[in-house]
Amino acid sequence: MAKPSLPQGTRDFNAETVRKRNYIFNTIRSVFEVYGFQPLETPAMENLDTLMGKYGDEGDKLIFKILNNGLDNVAKHQQIKDDFEKVLIGKNTKGITERALRYDLTIPFARYVAMNHGQLTFPFKRYQIQPVWRADRPQRGRYREFYQCDCDVVGSYSLINEVELATIYATAFEKLGIDVEIKINSRKILAALAELCGGADKMIDITIAIDKLDKIGIEKVKDELLQRGLNDSQISIIEKYLSIDGDTFQKLSAAENLFQNNATAKKGLEEIYFLINYSQQSQISNLKSQINIDFTLARGLNYYTGIIFEVKAKNVNMGSIGGGGRYDDLTGTFDVPNIPGVGISFGVDRIYDVMEELKLFPAEMQTATQVLFFNLGEAESRAAFGLMQQLRAKNIRCEIYHEQAKFDKQFKWADKKQIPYAVIMGSTELENGTCTLKNLKEGVQEILTNEQLLAFEF
RNA sequence: GAGAGCGUAGCUCAGUAGGUUAGAGCGACAGUUUGUGGCACUGUAGGCCGUGGGUUCGAGACCCAUCGUUCUCCCCA
């Protein structure tokens with residue numbers, strides 16, 4: 001047997017890590033619940049058909065595919081060989097793989113809505129906290145198995161949903177203690193920019209290039225636009241667009257100027273204005289300072305059609321820790337048209353990394369064992385065990401040392417496990433019907449009757 | 001998909017211009033005469049130096065390949 005190891009990009013989580021992760025999950029879940037979202041869980045695997053073609057070419061490559069069973073069936077060898085030939089030239093893979101691990105939570109949710117839209121009450125608000133898998137190359141803040149916490153509203157065009165989702169972001173990150181910038185933009189504005197630059201088909205090229213602005217600078221963005229087939233006058237429009245600056249309302253009016261009477265842009269700007277304006281009146285004091293218009297924000301997933309969100313943590317170098325947006329026809333690919341939706345996602349694993357780096361986890365999260373009962377012999381341990389069970393019935397976390405051993409050993413074990421109290425029941429205590437309770441942090445101890453121990457406030 | 005760095009004890013690492021039996025700290029385990037721990041002292045265990053080739057009288061060190069891992073780009077949470 002080779003050395004045991006873990007698949008690339010996956011991790012084990014020890015007790016401390018699990019507790020910290022649960023703290024994040026519980027915080028986010030409680031916010032979802034307060035906003036009226038209902039939980040949903042879907043299988044780890046989906047039919048490959050459900051996932052393919054939803055995330056763009058890059059995304060398709062990163063989907064983990066599951067090998068079909070029964071490929072060694074001799075009767076089917078020729079068929080399987082033929083199918084494999086198709087795989088080699090990038091065609092139909094059904095004979096080899098027809099299931100895959102989910103890549104995100106949104107598409108499985110869309111599949112669920114498409115399957116159940118007859119029974120659902122719209123608008124339907126669901127949240128989902130489950131792992132997803134991507135065959136990406138791991139690096140800082142990037143894993144092959146990671147959790148997403150999504151909440152989506154489907155069946156409503158109302159922009160109040162966008163406001164609520166922005167507020168959920170602000171509230172959750174406030175509770176976690178992370179300073180964040182919530183960037184917003186609208187796909188409609190990006191589409192309008194493409195219209196100004198000679199065609200909607202240019203939108204993808206333009207967004208890919210301008211998305212890199214803060215990373216590579218304006219000159220290199222212009223180079224890339226040139227390479228992607230835009231001419232000088234088009235690039236100068238984009239340069240104007242990218243130079244829009246100032247506070248929120250300055251940005252909005254500058255954009256209005258640039259786009260003039262373009263109907264698509266007008267709609268997009270109105271939506272952003274609504275979101276900003278409504279949020280400011282929502283009396284969440286921290287919300288205003290955190291929402292920023294970022295006209296360079298594009299977001300990769302190509303099903304977004306309206307307002308898009310992206311969350312970045314301040315004071316730390318980490319990719320986005322959340323993202324989302326409006327998609328007006330998500331279930332259309334499942335032949336259920338006209339169900340619009342909007343949703344956001346939290347990247348728990350990156351949030352964890354950020355909180356670890358900024359030391360934001362509360363200290364009092366330890367929920368380890370509170371009391372160690374010493375094992376000082378046959379009769380002693382029996383008495384201790386009985387007492388321990390009574391404490392456990394009162395929800396005190398107890399353990400008894402697994403075998404009779406020297407004091408030294410049992411103390412050291414308690415130290416290592418950071419157990420704060422020890423109960424010592426030896427022959428003396430047994431005779432008197434008492435026990436010795438020692439506070440291991442303070443180093444003090446007292447003799448209690450068994451009744452006093454059961455009433456003790458740990 | 002493209003590129004760079006790193007693989008020596010359970011962990012963090014030293015290992016000088018290639019030269020005998022590969023080291024330290026921490027951790028683990030045991031003991032310092034079995035009713036009071038954290039400290040200290042003593043001792044023990046634990047390494048085909050990632051793997052496979054090559055150069056050399058001689059390789060942990062140099063070269064090639066391979067695997068693993070970290071990071072960057074792409075893309076993304």
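Per chain, numbering begins at 1; letters A, B, ... match sequence-line order.
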Student: Could a donor-acceptor pair under 3.5 angstrom be found where the side chain of Asp408(A) meets the base of rG37(B)?
Tutor: no

Student: Can you give me the dot-bracket string for RNA chain B, 5' to 3', counting Watson-Crick and G-U wobble pairs with both distances under 3.5 Å, using [ ] for crossing pairs and | for partners on another strand?
Tutor: (((((((..((((.....[...)))).(((((.......))))).....(((((..]....))))))))))))....

Student: Partners of Thr428(A) by side-chain hydrogen bond (donor to acceptor under 3.5 Å, both in side chains), sequence neighbours excluded?
Tutor: none

Student: Which residue pairs pass the salt bridge (Lys or Arg N to Asp or Glu O under 4.0 Å) test when at least one of the two sits in residues 417-426 of chain A, sequence neighbours left out?
Tutor: Glu399(A)-Lys417(A)

Student: Measuring only the P atom in each nucleotide, how far is rA77(B) from rA17(B)? A whole number of Å is fine.
Tutor: 48 Å

Student: I'd like to know if Gln404(A) reaches the base of rU34(B) with its side chain such that a donor and an acceptor end up less than 3.5 angstrom apart.
Tutor: no

Student: Got a list of protein N/O to nucleotides 40-46 of chain B N/O distances below 3.5 Å?
Tutor:
none

Student: For nucleotides 4-12 of chain B, give me one character per nucleotide, 5' to 3': B if any protein heavy atom sits under 4.0 Å from the base, S if the only such contacts are to the sugar-phosphate, - if neither.
Tutor: ---------

Student: Any idea which of rG35(B), rU70(B), rC76(B) is nearest the Pro138(A) side chain?
Tutor: rU70(B)

Student: Between residues 140-148 of chain A and RNA chain B, which residues have a heavy-atom gap below 4.0 Å?
Tutor: Arg140(A), Gly141(A), Arg142(A), Tyr143(A), Phe146(A), Gln148(A)

Student: Can a donor-acceptor pair under 3.5 Å be found between the side-chain atoms of Arg350(A) and the base atoms of rC76(B)?
Tutor: yes

Student: I'd like to know if Arg326(A) pairs up with Glu271(A) as an ion pair, taking the criterion as any Lys NZ or Arg NE/NH1/NH2 lying under 4.0 Å from an Asp or Glu carboxylate oxygen.
Tutor: no

Student: Quick check on salt bridge (Lys or Arg N to Asp or Glu O under 4.0 Å): which of Arg99(A), Arg111(A), Lys54(A), Lys65(A) does Glu46(A) satisfy it with?
Tutor: Arg111(A)

Student: Taking atom types as they are modelled, would you say the side chain of Glu429(A) forms a donor-acceptor pair with the base of rG35(B) within the 3.5 Å cutoff?
Tutor: yes

